[in-house]
> 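Below: one structure in C-alpha cells.
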Amino acid sequence: EVFEYVFIHELCHLDTKAHNRKFWHDVESRLPGAVIWRKLLRKNNHMLMNFPFSVGNPQTFVKISI
C-alpha cells in the first residue's frame, strides 16, 4: 500500500512540481487517506534508507512501525 502512495505521489508531480496545497489536494483526491502514508514515511524514513535493495551492499531488514 505504501508503494501505491509513492507511485501516486510521483504521478501527481507530473502535473504539479512543488509540494504545495494543490499538489497535496491532488494526491488526496486520488488516494483518500494518503496523509496516513505520508506520516508513516516521514516517521520511518531513516529506516527506509537502510532497506535492502538488490543494488548495492545488502543491509539488515528493518521493521517499520505505524
> Applying the 4.5 Å side-chain criterion to the ILVMFWY set and letting contacts propagate, would Val6 and Trp37 be lumped into a single cluster?
yes
> Report, as yes or no, whether the 6.0 Å neighbourhood of atom CD on Glu10 holds more than 12 heavy atoms from other residues, nucleotides or ligands.
yes
> Show your reasoning for whether side-chain contact (heavy atoms from CB on, under 4.5 Å) applies to Leu40 and Tyr5.
CA-CA 11 Å; Leu40 178 136; Tyr5 164 76; over 6 Å; no
> Determine the minimum heavy-atom distance between Ile8 and Val27, stating which atoms define it.
CG2-O, 4.3 Å
> Mind listing the closest non-hydrogen atom pair of Ala34 and Glu28 along with its distance?
N-OE1, 3.3 Å
> Look at the rings of His13 and Phe23 and say which category their plane angle falls in: under 30° parallel, 30 to 60° tilted, over 60° perpendicular.
parallel
> Quick one: NE2 on His19 to NE2 on His9, what's the gap to the nearest 0.5 Å?
3.0 Å
> Measuring from Lys22:NZ to Thr16:OG1, what's the distance to the nearest 0.5 Å?
3.5 Å
> Can you measure from CZ (Phe7) to SG (Cys12) and round to the nearest 0.5 angstrom?
10.5 Å
> With a 3.5 Å distance limit and no angle check, can you tell me whether Arg42 reaches the backbone of Arg38 through a side-chain donor-acceptor pair?
no
> Taking atom CG of Asp15 and atom CG of Asp26, what is their separation to the nearest 0.5 Å?
5.5 Å
